[in-house]
Student: 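The structure's right below; bear with me while I get my questions together.
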Amino acid sequence: MEQTGKRDQFGSRLGFILASAGSAVGLGNIWRFPYVTGENGGAAFVFIYLLMVFSIGFTVMLAEFTLGRRTQRNNVGALTRLGGKRWASVGWLGIVASIIILSFYGVIGGWTIKYFLSVFQGLPTGADAASQAGKAFEGFITHSPSVVVYQALFMVATIWVVSKGIGQGIERFCKVLMPALFVIMLVLVVRSVTLDGAMEGIAFYLKPDFSKVTGGMVLAAMGQAFFSLSLGNGGMLTYGSYLKKEEPLPSSAFQICILDSMVAFLSGLIIFPAVFAFGFEPGSGAGLTFVTLPAVFSQMFGGVFWAGLFFLLLMIASLTSSVNMLEVVCAHFIDEKGWSRTKAPWAIGGGIFLLGVPSAISLAGGLNVFGKSFLDAMDFVASNLMMPIGGLFIVVFTGWVIADTAKDEVTNGGRIPFAMLPVWQVLCKVVAPLAIGYIFFQGLSW
């Protein structure tokens with residue numbers, strides 16, 4: 001059953017850009033980007049990361065927008081209409097990836113709510129603040145009932161926004177929260193870079209040493225660009241399907257890449273000066289956000305205030321991304337099955353919440369898959385396998401199967417000039433598939 005009623009749309013180009021940027025801006029930018037940067041030597045990694053965003057990332061994003069707007073349909077509907085039923089499986093791959101990612105992303109999103117609320121009860125103090133923060137984090141994630149409760153709160157917030165629709169829900173939500181996110185980031189940047197001893201962290205972050213560049217660093221930068229832009233699961237395709245026909249796609253994609261990169265860049269300016277100012281380790285991995293930073297904030301004047309702002313920032317970024325992932329799935333059932341805008345988010349979101357419970361309880365131990373926690377296993381399957389495969393097929397489909405159609409859509413039937421069109425076409429046909437294929441095969445290491 002295919003929906004016959006008028007399909008919802010973004011009310012303005014600004015709303016579309018902020019919503020799409022919100023989809024891209026998430027834990028990948030604020031949580032993952034700083035610690036990956038720290039593990040890969042700082043500024044040289046940042047330079048390579050930006051290069052990847054504006055080449056491979058831009059290419060895949062524009063391809064997704066092209067497919068979505070051309071058909072005004074969801075993942076499966078778009079690929080089926082343009083390529084026939086044999087391409088439907090690529091659309092389904094994106095939908096399943098979104099379900100899996102949101103199932104464990106909802107767990108981590110719940111952590112952001114927990115930490116935002118907890119900072120007002122006080123921060124660890126004393127010389128062993130980092131040890132206290134580590135024990136507090138370990139105590140929380142291994143207490144499964146608490147993790148599931150916060151996961152449920154995060155999922156309810158996500159479902160509520162999606163249930164309001166595109167214009168009245170997602171667009172309105174992002175028009176408020178995305179500007180708020182940038183304001184919070186700028187306030188935190190000013191606080192961080194004015195700390196005594198911050199210059200060492202700024203130098204680490206902004207002064208590149210290209211002698212440290214390795215193949216592994218390039219691979220990490222490419223993977224981070226792909227991950228932080230939320231590509232390969234059809235999220236941008238879905239949002240593109242709600243965009244009005246007269247809007248220019250290339251400039252929109254470019255602006256979203258800029259906004260996404262700004263958030264990643266600013267997150268580093270928040271974290272590295274503060275970490276160096278208080279003598280902590282910048283390459284401390286995933287624990288940088290939930291273990292190291294609470295200890296850092298505890299040593300600042302007004303630390304509770306700054307910690308509260310930071311975890312509010314993290315919570316906003318998490319929500320704008322989770323809303324997109326749920327919309328990817330809901331769009332299919334609304335378009336193709338005729339489900340109502342009210343029914344789809346609550347039914348699907350509830351199912352995804354239940355699928356996420358094993359990830360939540362696996363952190364306490366005992367629920368492992370081939371030596372990994374269930375959460376880490378789901379992350380591996382979706383991020384290392386499904387998203388790269390999805391992105392690979394999307395650029396191959398755009399560059400080889402519907403090249404003329406894509407050219408017509410990207411230029412609005414020739415009415416909007418796109419000087420980089422020949423370069424984008426080569427990137428779609430050759431460069432992006434090779435780069436994404438490399439990410440995929442390198443990521444197969446379990």
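Sequence positions, counted from 1, serve as the residue numbers for this chain.
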Student: Could you tell me if the side chain of Trp306 sits less than 4.5 Å from the side chain of Val187, heavy atoms only?
Tutor: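 They are in contact (side-chain heavy atoms under 4.5 Å apart), so the answer is yes.
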
Student: Could you pull out the closest heavy-atom pair between Ala43 and Leu206, with the gap in Å?
Tutor: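 So the minimum-distance heavy-atom pair works out to CB-C, 3.5 Å.
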
Student: Please report the shortest heavy-atom distance between Leu319 and Thr158, naming the atom on each side.
Tutor: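 That closest heavy-atom pairing would be CD2-OG1, 3.7 Å.
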
Student: Look at the side chain of Ser98 and the backbone N and O of Val329, then say whether any donor-acceptor pair between them is shorter than 3.5 Å.
Tutor: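 The answer is no, because no donor-acceptor pair under 3.5 Å joins these two groups.
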
Student: Let's go through Ile258 and Phe54 carefully: what are the C-alpha distance in whole Å and the side-chain angles of both, what is the deciding distance for side-chain contact (heavy atoms from CB on, under 4.5 Å) to 0.1 Å, and is it a yes or a no?
Tutor: CA-CA 8 Å; Ile258 289 176; Phe54 288 98; 3.9 Å; yes

Student: Verify side-chain contact (heavy atoms from CB on, under 4.5 Å) between Met387 and Ile101, making sure each step is shown before the conclusion.
Tutor: CA-CA 10 Å; Met387 288 179 70; Ile101 294 168; 3.3 Å; yes

Student: Do Phe265 and Tyr205 have their ring centres less than 6.0 Å from each other?
Tutor: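 Aromatic pair counts; centres sit under 6.0 Å.
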
Student: If you take all heavy atoms of Cys428 and Gly399, which pair is closest and at what distance?
Tutor: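 Smallest interatomic distance, heavy atoms only, reads CB-CA, 3.9 Å.
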
Student: Side chain of Gln151, backbone of Phe353: donor and acceptor closer than 3.5 Å?
Tutor: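 Answer holds: yes.
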
Student: At their closest point, which heavy atom of Ser192 faces which heavy atom of Ala198, and how far apart are they?
Tutor: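 Closest approach of Ser192 to Ala198: O-CB, 3.5 Å.
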
Student: Does any non-hydrogen side-chain atom of Met61 lie less than 4.5 Å from one of Cys257?
Tutor: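 When only atoms from C-beta onward are counted, Met61 and Cys257 do touch, with a gap below 4.5 Å.
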
Student: Can you check side-chain contact (heavy atoms from CB on, under 4.5 Å) on Phe116 and Leu314, steps first, answer last?
Tutor: CA-CA 9 Å; Phe116 172 68; Leu314 202 61; over 6 Å; no

Student: Do Leu363 and Trp111 touch side chain to side chain, with heavy atoms closer than 4.5 Å?
Tutor: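 Leu363 vs Trp111: side chains touch.
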
Student: If I compare all heavy atoms of Ile352 with all of Met155, which pair ends up nearest, and what's the gap?
Tutor: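 So the minimum-distance heavy-atom pair works out to CG2-CE, 4.1 Å.
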
Student: Do we see a donor-acceptor contact under 3.5 Å between the side chains of Tyr242 and Glu327?
Tutor: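 Side chains of Tyr242 and Glu327: pair found under 3.5 Å.
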
Student: Within a strict 4.5 Å, meaning less than it, do heavy atoms of the Pro433 and Leu392 side chains meet?
Tutor: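 Contact flag for Pro433/Leu392 side chains = yes.
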
Student: Gly22 and Thr320: which non-hydrogen atoms are nearest, and at how many Å?
Tutor: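 Nearest heavy atoms, Gly22 then Thr320: O-OG1, 2.8 Å.
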
Student: Any donor and acceptor pair, going by atom type alone, linking the side chain of Thr37 with main-chain N or O of Gly42 inside 3.5 Å?
Tutor: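 Looks like no, no N/O pair under 3.5 Å.
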
Student: Quick one: pull up CD1 in Ile170 and CG in Asn324 and give me the separation to the nearest 0.5 Å.
Tutor: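 Here the rounded value is 7.5 Å.
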
Student: Return the orientation label for the Phe297 and Phe311 ring planes: parallel under 30°, perpendicular over 60°, tilted otherwise.
Tutor: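 Rings of Phe297 and Phe311: perpendicular, over 60°.
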
Student: Parallel, tilted or perpendicular: which one describes the rings of Trp87 and Phe393, with boundaries at 30° and 60°?
Tutor: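 The arrangement is perpendicular - the two ring planes meet at more than 60°.
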
Student: For Asn29 and Val263, indicate whether the former's side chain and the latter's backbone hold a donor-acceptor pair under 3.5 Å.
Tutor: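 Absent.
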
Student: Hey, does the side chain of Ser267 reach the backbone of Ala264 with a donor-acceptor pair shorter than 3.5 angstrom?
Tutor: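 Checked: pair present.
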
Student: Phe310 versus Thr289: any side-chain heavy-atom pair under 4.5 Å?
Tutor: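 Contact flag for Phe310/Thr289 side chains = yes.
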
Student: Taking the side chain from Glu64 and the backbone from Leu237, do they hold a donor-acceptor pair closer than 3.5 Å?
Tutor: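 Side chain of Glu64 to backbone of Leu237: a pair is present.
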
Student: Just verifying a value: how many Å separate Leu50 CG and Phe45 CZ, rounded to the nearest 0.5 Å?
Tutor: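 It comes to 9.5 Å.
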
Student: How long is the span from the CD1 atom in Ile108 to the CZ atom in Phe154, to the nearest 0.5 Å?
Tutor: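 Rounded to the nearest 0.5 Å, the CD1-CZ separation comes to 9.5 Å.
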
Student: Without swapping roles, check the side chain of Ser230 against the backbone of Ser23 for a donor-acceptor pair under 3.5 Å.
Tutor: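 It does hold such a pair.
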
Student: Assert yes or no for the condition that the ring centre distance of Phe65 to Tyr239 is strictly below 6.0 Å.
Tutor: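 Ring centres of Tyr239 and Phe65 not closer than 6.0 Å.
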
Student: Quick one, His332 and Lys337 - any side-chain contact, counting heavy atoms below 4.5 Å?
Tutor: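 When only atoms from C-beta onward are counted, Lys337 and His332 do touch, with a gap below 4.5 Å.
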
Student: Once you round to the nearest 0.5 Å, how far does OG1 of Thr398 lie from NZ of Lys429?
Tutor: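 Separation between the atoms: 10.5 Å.
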
Student: Going from CH2 on Trp424 to OG1 on Thr59, what distance comes out if it is rounded to the nearest 0.5 angstrom?
Tutor: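 If we round to the nearest 0.5 Å, Trp424:CH2 and Thr59:OG1 are 8.0 Å apart.
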
Student: Please report whether the ring centroid of Phe140 lies less than 6.0 Å from that of Phe290.
Tutor: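 No, too far apart.
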
Student: Walk me through whether Leu67 and Leu79 qualify under side-chain contact (heavy atoms from CB on, under 4.5 Å).
Tutor: CA-CA 7 Å; Leu67 302 182; Leu79 285 150; 4.2 Å; yes

Student: Using atom types as modelled and distance alone, determine if a side-chain donor or acceptor of Ser321 lies under 3.5 Å from a backbone N or O of Ser318.
Tutor: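 The answer is no, because no donor-acceptor pair under 3.5 Å joins these two groups.
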
Student: Hey, could you give me the CE/CD distance between Met217 and Gln224, rounded to the nearest 0.5 Å?
Tutor: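 So the gap between those two atoms works out to 13.5 Å.
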
Student: Going by the rule salt bridge (charged side-chain N to carboxylate O under 4.0 Å, His left out), which residues pair with Arg191 if we only count those two or more places apart in sequence or in a different chain?
Tutor: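 Applying salt bridge (charged side-chain N to carboxylate O under 4.0 Å, His left out) to Arg191 gives none.
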
Student: Are any side-chain N or O atoms of Thr238 and backbone N or O atoms of Val328, one a donor and one an acceptor, separated by less than 3.5 Å?
Tutor: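 No; zero donor-acceptor contacts below 3.5 Å.
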
